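Counting starts at 1 for both ligands and their atoms, in listed order. Bear in mind the structure is a predicted one, so any value in this text is a computation, not a measurement. Excluded from the calculations below are hydrogen atoms, water molecules and symmetry mates; all remaining heavy atoms, backbone and side chain alike, are included.
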Amino acid sequence: MTTTDIIRIHDVSKRFVLHQDKSVKERILNVRKSREHRNDFWALSNIDLTIQAGTTVGLVGHNGSGKSTLLKVIGGILQPTTGRVERRGRLAALLELGAGFHPDLTGRENVYLNAAILGLSREETDAIFDDVVEFSGIESFIETQVKFYSSGMYVRLAFAVAIHVEPDLLLVDEVLAVGDEPFQRKCMDKIAEFQSQGRTIVLVSHSAAQVGSLCDRVIVLDGGKVMHDGDPAKGLAILRAGYEADRVAHEAENKEKAGAPAVDSYRIASAVATPDAGQPDNIRVRLDVEILQPRESWGIGLSIENSLGTHMYGMTTFDRPELVLPNTRGLHSLEIVLPQVRVGAGTYLINIGLGNQAGQTFHRVAGAASFAVEENDFGYGLIRINPEITVTS
Ligand SMILES: Nc1ncnc2c1ncn2[C@@H]1O[C@H](COP(=O)(O)OP(=O)(O)OP(=O)(O)O)[C@@H](O)[C@H]1O
């Protein structure tokens with residue numbers, strides 16, 4: 001391990017043994033053969049990773065891809081079946097809700113217990129106690145047994161402890177999604193402060209926006225294997241493509257089950273987005289829609305997202321009741337001009353869907369078109385602003 005590495009994962013695999021439910025008779029008959037009724041399941045396969053100190057790494061992937069298992073293996077809560085993990089520095093982990101809290105102890109007692117587990121002396125805990133309680137915002141419940149806490153209260157207290165013990169490495173598993181919005185914001189500010197202090201964070205999150213804004217490295221897991229490791233925008237794009245493929249497969253399966261005709265009634269034949277030559281802030285989306293089987297009514301939905309998956313804008317033609325769309329068999333061309341799209345430099349994807357007002361989708365193409373904004377006017381960020389600065393006195 002070099003001095004800048006804080007975690008090294010060497011060829012780690014994790015197997016879970018799934019015991020199938022057996023009847024009493026089966027159990028008696030198979031008492032000696034019980035191993036035959038096991039189903040081995042590899043939640044992680046041959047993972048090799050090195051994480052440098054000072055980085056924020058996002059673990060993403062579909063449900064069951066192994067994110068939480070990997071985080072627990074990193075935290076030493078689970079032992080790998082094969083391979084090994086090296087780790088240094090003080091670790092604080094926010095894993096399952098309430099993990100590390102003793103239900104019969106009060107909030108105060110749990111703060112002391114947790115801090116002790118994380119290596120703090122009683123005096124050191126005395127010194128941070130008031131700040132922990134203040135950050136958690138649950139002063140009035142601090143003498144209450146935590147078994148009476150709501151999930152939000154658990155998270156507040158656990159996060160408050162984790163960040164006040166000054167860990168070198170913070171592991172966070174989705175728990176931040178539990179708190180209310182002001183608390184989440186407070187946590188995000190604290191995470192940003194951690195980053196600026198050069199601490200290391202590994203987080204599991206289903207929020208592309210959160211991962212996109214926090215992480216400088218994204219690891220995509222699929223079936224317990226690393227599918228992508230590196231650039232966050234690329235990682236999130238791979239993840240999105242996977243979700244889209246799943247959605248399409250699921251939709252096809254549902255249609256088959258419902259006995260729907262194989263042919264879609266409305267289809268996006270092509271879509272192109274181009275900035276206007278003289279007015280590059282105006283994005284012109286040209287759309288060809290093929291109507292195979294006219295239905296009562298139909299509409300177009302359009303959304304814009306940035307390369308990190310942040311939803312920037314969305315609309316549907318149903319909000320323009322005066323608009324009359326063609327509804328005869330054949331190919332129809334439409335143009336949607338999006339004026340004054342003053343977004344920051346980057347590449348943007350346009351998702352287009354066709355459907356009816358009841359929410360039924362006929363055809364949807366994620367990333368049907370894209371456009372790029374080369375440069376910011378002045379400053380940086382998600383939107384483009386050219387400020388006027390004057391000295392007034
Ligand atoms: N203790 C366990 N015993 C048996 N199987 C387990 C255990 N823990 C996890 N698994 C299985 O391992 C796989 C990976 O689980 P894990 O919780 O790591 O996935 P995840 O990517 O975090 O999923 P999610 O997004 O749903 O939280 C899943 O199929 C899960 O059912």
Side-chain angles (χ1 to χ4, degrees), residues 7 9-22 34-49 51 56-85 87 91-100 151-152 154-155 158-159 162 169-179 184 187 201-212 214-215 217-230 232 234-247 249-250 308-309:
I7 303 164
I9 300 170
H10 305 271
D11 198 18
V12 159
S13 297
K14 177 70 190 172
R15 180 184 58 205
F16 288 116
V17 179
L18 307 173
H19 291 278
Q20 286 176 343
D21 273 348
K22 290 176 280 183
S34 97
R35 289 183 71 82
E36 286 173 18
H37 278 250
R38 297 175 11 162
N39 257 337
D40 285 356
F41 173 79
W42 291 91
L44 296 175
S45 303
N46 309 103
I47 308 274
D48 271 300
L49 291 173
I51 296 177
T56 301
V57 180
L59 298 181
V60 301
H62 293 197
N63 291 127
S65 55
K67 307 177 293 288
S68 304
T69 306
L70 181 57
L71 205 65
K72 283 183 194 151
V73 166
I74 293 174
I77 292 118
L78 276 179
Q79 286 308 310
T81 310
T82 59
R84 70 197 163 87
V85 175
R87 207 186 60 221
L91 162 85
L94 286 161
L95 300 174
E96 277 151 25
L97 205 57
S151 53
Y154 263 119
V155 171
F159 190 79
L169 172 61
L170 179 67
L171 306 181
V172 189
D173 190 353
E174 204 67 63
V175 288
L176 293 182
V178 176
Q184 278 188 24
C187 294
I201 303 162
V202 182
L203 72 117
V204 166
S205 176
H206 281 284
S207 155
Q210 200 176 64
V211 171
L214 288 177
C215 302
R217 174 175 170 192
V218 162
I219 295 169
V220 184
L221 289 177
D222 185 36
K225 295 197 171 89
V226 174
M227 243 187 115
H228 166 88
D229 181 0
K234 254 190 215 149
L236 293 173
I238 289 171
L239 190 66
R240 244 195 339 263
Y243 286 138
E244 185 58 19
D246 277 3
R247 195 190 61 77
H250 188 69
L308 295 174

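- Here the straight-line distance linking atom CG of Leu44 with atom NZ of Lys225 works out to 11.0 Å at 0.5 Å rounding.
- Near His62, meaning under 4.0 Å from one of its heavy atoms, ligand 1 places the atoms 21 (O).
- Residue contacts with ligand 1 include Ser65, since one or more of its heavy atoms lies under 4.0 Å from the ligand.
- The backbone N or O of Ile219 lies less than 3.5 Å from no partner atom in the side chain of Asp229, so there is not a single donor-acceptor pair.
- The option with the heavy atom closest to atom 16 (P) of ligand 1, from among Thr69, Asp222, Leu221, is Thr69.
- The closest side-chain heavy-atom distance from Leu49 to Arg217 is below 4.5 Å.
- Summarising the contacts of atom 21 (O) of ligand 1 with Arg15, Lys67, Lys14, the nearest heavy atom is found in Lys67.
- Checked against a 3.5 angstrom limit, the closest N/O atoms of Ala43 and ligand 1 fall outside it.
- Put simply, the side chain of Leu94 does not reach to within 4.5 Å of the side chain of Asp173, judged on heavy atoms.
- Note that atom 6 (C) of ligand 1 has protein non-hydrogen atoms nearby, at separations under 4.0 angstrom.
- Counting heavy atoms from C-beta on, the side chains of Val202 and Leu169 come closer than 4.5 Å.
- Among all non-hydrogen protein atoms, the one lying nearest atom 26 (O) of ligand 1 is Asn63 ND2, 3.0 Å.
- Taking all atoms of both residues into account, the shortest heavy-atom contact from Leu71 to Leu171 is O-CD1, 3.7 Å.
- In this structure, His206 is part of the shell of residues with a heavy atom less than 4.0 angstrom from ligand 1.
- For ligand 1, the atoms closer than 4.0 angstrom to any heavy atom of Ser68 are 17 (O), 18 (O), 20 (P), 22 (O), 27 (O).
- Considering only heavy atoms from C-beta on, Val73 stays 4.5 Å or farther from Ile47 through its side chain.
- Nearest heavy atom pair, residue Val12 against residue Pro80, reads CG1-CB, 3.7 Å.
- Atom 31 (O) of ligand 1 is never approached by the protein to below 4.0 angstrom, counting heavy atoms only.
- Polar contact with ligand 1: present for Gly64 (N/O pair, distance under 3.5 Å).
- The two residues Gln210 and Ser205 have their closest heavy-atom pair at OE1-OG, 2.9 Å.
- The closest approach between Lys72 and ligand 1 stays at or above 4.0 Å for every heavy atom of the residue.
- Here atom 4 (C) of ligand 1 lies nearest to Phe16 when heavy atoms of Phe41, Phe16, Trp42 are compared.
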